[in-house]
Amino acid sequence: MATKPDTLLACAPITEKPGIDRAMRVAIQRARHGKKAPSFSQQQAFDAAVAKLVVAIPVDAQVAEWFANENLIPLAKPRWRKILLNPAVIAVIVAVTVIGAVFAYRVHEHLKDFPGADKARRLLSVAASSRSVILDPLQTDAGTLTDLFFMKHRLEHYDVPPEFADFRTLGTRVFEDEEVRRVAQIWLVEKRMQLFLFPAEQDPKDGSLKDFSDWRFVELEGWTGAVQQRNGVCFMAVIRGREKDLAPYLEKKKQ
Amino acid sequence: MTGDASKAQAAFQDTVREAALRSARDEPLPDRLWFFRDARWRCVAVCEQGIQAEAGMLEEADISPVAPMQIGQLEPDQLAVWISAAPEPQRSALALFYLDEFTLRELLSLLEMKAAAFADLLSSARRQFQAWLDATTPYDEEPFFDGNQA
């Protein structure tokens with residue numbers, strides 16, 4: 001049974017023109033410098049002699065004239081529609097679109113980010129896994145907890161903003177987190193919202209603490225947090241839902 | 001490929017006519033090989049109407065080192081007749097291969113066959129042609145002249 005190089009050698013071109021496959025070039029080079037050199041050179045001489053005679057076969061003058069005019073009939077130009085409907089092209093377009101969309105989403109997500117956004121997302125996962133039983137039961141107005149945090153836990157400026165100060169609480173706790181450090185967590189009766197107070201993060205560029213009074217949002221697996229930073233302390237209101245579910249509570253102050 | 005110039009010309013004219021009709025219908029030809037593919041099938045169809053050559057009937061011989069000289073003694077028409085007498089698809093394979101105009105990939109596309117089959121056809125054709133050459137055009141090397149014998 002003939003091997004692939006033998007097959008290629010049997011079909012070796014009579015004259016080597018540009019565009020010959022690499023496998024064919026390799027097979028020819030090996031044949032010329034190997035054991036098959038004598039038989040291959042005989043085959044090449046044989047083919048060259050036959051080709052020379054073929055060229056000399058007389059062709060009818062009219063047919064020869066037709067052959068001379070290579071542009072007798074226009075060839076098809078590649079059509080965009082046909083190219084675009086090629087499954088390989090479609091696959092590439094889909095893949096590039098998906099990669100582009102993911103990249104754009106990541107960029108968009110990070111454009112909205114602020115110092116402390118990573119901490120806030122971490123606390124969203126804490127909110128998702130928290131049960132009310134782990135908190136110390138305490139039924140009072142959320143706004144009054146500022147004094148409790150300061151008096152009992154020595155947490156300064158852990159203030160609940162006016163937007164949430166009047167809501168009744170179910171419980172509260174203060175805990176230590178490896179990354180976020182000392183966190184105050186409050187559970188509200190209102191829609192089972194949770195409030196978090198935690199130390200703000202320094203700006204990585206200049207090391208300063210830049211407070212912001214507008215609400216900035218973070219999202220994680222169906223949970224949304226609205227964050228505000230004052231006096232070096234971040235306040236985050238968390239709800240299970242989307243940004244629009246939190247929006248009514250954030251506008252309360254304006255009214 | 002047909003062994004008859006008038007048949008070949010008629011087949012080629014039909015191909016050109018078909019190409020012109022397609023162009024008129026705004027159906028441009030898909031590629032440059034279309035011409036050769038269409039002409040080939042027309043030639044094959046023409047040849048099927050006549051007496052058919054049978055495969056495997058010819059003797060074979062190894063390619064001789066003097067084959068180029070033997071071929072050099074042939075008239076072009078003799079070669080044309082020998083190729084046209086070969087059975088399909090060997091006839092098409094020989095005609096297209098020895099035109100020396102196509103790459104292997106193009107040849108396989110035109111002939112609609114695999115490389116191994118094409119290689120087998122060429123190899124057996126070379127050996128058959130050599131046997132035919134040996135029978136019809138023996139090449140006598142010049143006898144060695146020994147001065148001492150004179």
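Basis for what follows: all heavy atoms, side chains included, without hydrogens, waters or symmetry-related copies. In the text below, chain A, chain B and the rest are named by the order of the sequence lines, each starting its count at 1.
The side-chain heavy atoms of A:I28 and A:P13, taken from C-beta on, include a pair separated by under 4.5 Å. Counting heavy atoms from C-beta on, the side chains of A:L123 and A:V238 never come closer than 4.5 Å.
Contact count versus chain B (heavy atoms, under 4.5 Å) is highest, among A:A56, A:P38, A:S39, A:S41, for A:A56. Between chain A and the residues B:P68, B:P76, B:A67, B:A116, the largest count of heavy-atom pairs under 4.5 Å involves B:P76. With respect to chain A, the highest number of heavy-atom pairs below 4.5 Å among B:S64, B:P65, B:S123 belongs to B:P65.
Using a 4.5 Å cut-off between heavy atoms, B:L122 touches chain A through its side chain atoms alone. In this structure, chain A has a heavy atom under 4.5 Å from the side chain of B:L104, while its backbone stays farther away. Residue contact with chain A, scored on non-hydrogen atoms closer than 4.5 Å, is absent for B:Q70. For A:A48, no part lies under 4.5 angstrom from a heavy atom of chain B. Proximity to chain B is absent for every atom of A:I20, based on heavy atoms less than 4.5 angstrom apart.
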(message) Set out, in order, the CA-CA distance, both residues' side-chain angles and the distance that settles side chain to side chain contact (heavy atoms under 4.5 Å, CB included) for A:V55 and B:L99, then state yes or no.
(response) CA-CA 7 Å; A:V55 171; B:L99 273 178; over 6 Å; no
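Taking CG of B:D100 as the reference point, atom NZ of A:K52 lies at 14.0 Å (rounded to 0.5 Å).
With salt bridges taken as basic N to acidic carboxylate O contacts below 4.0 Å, one links A:D6 and A:K36.
Under the 3.5 Å distance criterion, the side-chain polar atoms of B:R126 are matched with a main-chain donor or acceptor of A:A10.
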